[in-house]
Number of protein chains: 2
Amino acid sequence: MSATVRQAPVIKVVPEPENLPEPLPEPAVGELRLETVLGALSDPLRLRIVRKLLLDSEAFDHSCGWFGLDRPKSSLTHHFKALREAGITRQRQYGLERRSHVRVDDLNSRFPGLVDLVAAWTPPDTP
Amino acid sequence: MSATVRQAPVIKVVPEPENLPEPLPEPAVGELRLETVLGALSDPLRLRIVRKLLLDSEAFDHSCGWFGLDRPKSSLTHHFKALREAGITRQRQYGLERRSHVRVDDLNSRFPGLVDLVAAWTPPDTP
DNA sequence: TCCTATGTACGAGTTTAATCGTACTGCATG
DNA sequence: CATGCAGTACGATTAAACTCGTACATAGGA
């Protein structure tokens, strides 16, 4: 168990980019397309990822392994990339790991209510 | 402001099935799945169909040809069926034509806000 | 320095979906 | 009753996406 996911500060809506790695390539807010976002969210695994980020994360970014998904790493890369390219998540490189968080403000401004729908979703087979 | 998509339930939630043809097979309200609905809405053509039904229809069902889509008939059948099987539209057979309307109440009760997102959507290339 | 852990890149196999031509059904009207 | 019309059913083709194995890159620590 190496380090747990512990990290220090309670911040997260961090205003200062100086100590933060640059986000990976992503669409700007104005470029978000409803059909693309819906397509990205139509996959149960990705829906679960976004929902977990919304519900279980306090205010931090989370790395791939935090989600506890039993899929090959290359599959996870695929889905995290799909979410980022659709504009749903933002990813930053922290040393080795690539951490994600949901672009809640961007999504709420362009598609109000959508984030709440995902948060209220119940997975098909999870107790 | 223009009306939001809500309009009076006076008509449209027709209570009497006696003078109405039976709806074609469709999922019940409780069976609606967010991932399926989002998948059905991730297609621009279907998004356009649903949006037109929401905005331009008064309270009636509309047949395939009403939409003015320049696609082969078999393609339209495919998409209308996808919408119905996802639970987004209801279809009834009126003599020759099969008319559709959006299950607004069902969608609002299970996925509040989703219908408004579709109504507010702007097609990629339509003037 | 080597080793491990995190994650990517690439490529192949499989599945799913979109698109559409053609043939068909059934009503409705002349 | 024959013709036209609205739409489906079926099948083939094509394109996209999911899934995953393998190989590779890198940061951090023993």
Side-chain angles (χ1 to χ4, degrees), chain A residues 1-7 19-26 33 35-50 53 60-86 88-101 124, chain B residues 21-26 33 35-50 60-86 88-101 124:
Chain A
M1 324 289 65
S2 53
T4 20
V5 203
R6 77 83 196 315
Q7 52 279 83
N19 52 348
L20 278 187
E22 274 301 290
L24 285 106
E26 66 180 23
R33 299 257 72 220
E35 59 271 32
T36 309
V37 170
L38 296 187
L41 291 178
S42 68
D43 184 283
L45 182 63
R46 292 197 286 256
L47 216 38
R48 188 177 314 223
I49 290 173
V50 177
L53 273 176
F60 314 117
D61 294 9
H62 292 279
S63 73
C64 235
W66 174 76
F67 297 87
L69 305 163
D70 55 344
R71 302 287 183 98
K73 296 187 290 179
S74 47
S75 298
L76 297 183
T77 299
H78 169 72
H79 288 295
F80 277 93
K81 183 179 179 184
L83 286 172
R84 174 173 53 84
E85 292 184 337
I88 298 171
T89 57
R90 174 165 296 143
Q91 289 186 290
R92 285 195 172 89
Q93 193 83 30
Y94 285 82
L96 264 190
E97 44 190 39
R98 186 169 288 194
R99 300 188 197 157
S100 305
H101 70 266
Chain B
E22 273 301 290
L24 286 106
E26 67 181 23
R33 299 257 71 223
E35 59 271 31
T36 309
V37 170
L38 296 187
L41 292 177
S42 68
D43 184 283
L45 181 64
R46 291 197 288 254
L47 215 37
R48 187 177 315 224
I49 290 174
V50 177
F60 314 116
D61 295 8
H62 292 279
S63 73
C64 235
W66 174 76
F67 297 87
L69 305 163
D70 54 345
R71 302 287 184 96
K73 295 187 292 180
S74 48
S75 299
L76 297 183
T77 299
H78 169 72
H79 289 294
F80 277 92
K81 182 179 179 184
L83 286 172
R84 174 173 52 85
E85 292 184 338
I88 298 171
T89 58
R90 173 165 297 143
Q91 289 187 289
R92 285 195 172 89
Q93 194 82 31
Y94 285 81
L96 264 190
E97 43 190 37
R98 187 169 288 194
R99 300 187 197 160
S100 305
H101 69 266

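The sequence lines fix the lettering, A, B, ..., with proteins before strands; numbering per chain opens at 1. From a predicted model like this one, the values you see are computed outputs, not experimental measurements.
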Check your understanding: So which nucleotide from C:dT6, C:dA18, D:dA6 ends up closest to the side chain of A:Lys73?
Key -> C:dT6
Check your understanding: Rounded to the Å, how far apart are B:Asp70 CG and C:dT19 C1'?
Key -> 13 Å
Check your understanding: Roughly how far apart are B:His79 NE2 and B:Asp43 CG, rounded to 0.5 Å?
Key -> 5.0 Å
Review point. Between atom CG in A:Leu45 and atom P in D:dA17, what is the gap in whole Å?
Key: 16 Å
Exercise for review: Could you pull out the closest heavy-atom pair between A:Leu53 and A:Ser100, with the gap in Å?
Suggested key: CD2-O, 3.7 Å
Check your understanding: To the nearest 0.5 Å, what is the distance between CD (B:Glu35) and CG (A:Leu47)?
Key -> 6.0 Å
Point to revise | D:dC18 OP1/OP2 closer than 4.0 Å to side-chain N/O of A:Arg46 | key: yes
Exercise for review: Name the closest nucleotide to the A:Ser74 side chain, picking from C:dC10, C:dT19, C:dT6.
Suggested key: C:dC10
Exercise for review: Answer with base, sugar-phosphate or nothing: what part of the nucleic acid does B:His78 contact at a heavy-atom distance below 4.0 Å?
Suggested key: base
Revision key, fill the gap. Rounded to whole Å, CZ of B:Arg84 lies from C1' of D:dG7 at a distance of 12 Å
Review point. Does any donor-acceptor pair link the side chain of B:Thr77 with the base of D:dG7 at a separation under 3.5 Å?
Key: no
Review point. B:Ser75 side chain: which of C:dC20, C:dG7, D:dC18 is closest?
Key: C:dC20
Practice item. Would you mind reading off the distance between B:Trp66 atom CH2 and D:dG7 atom P, rounded to a whole angstrom? Key: 13 Å
**Study point:** Integer-rounded Å distance: D:dA9 P and B:Arg98 CZ
**Key:** 6 Å
Exercise for review: Grab the CG-P distance between A:Leu69 and D:dC20 for me, whole Å please.
Suggested key: 12 Å
Study note, to complete from the structure: Smallest heavy-atom separation, A:Thr89 atom then A:Arg84 atom, equals OG1-N, 3.4 Å
Review point. What's the spacing between B:Leu83 CG and B:Ile49 CD1 if we round to 0.5 Å?
Key: 5.5 Å
Practice item. Provide, to the nearest angstrom, the distance between the CG atom belonging to A:Asp43 and the C1' atom belonging to D:dT19. Key: 11 Å
Point to revise | For atom CZ of A:Arg99 and atom P of D:dA27, their distance in whole Å | key: 15 Å
Review point. Looking at D:dT8, D:dA6, C:dA18, which one has an atom nearest to any side-chain atom of B:His79?
Key: C:dA18
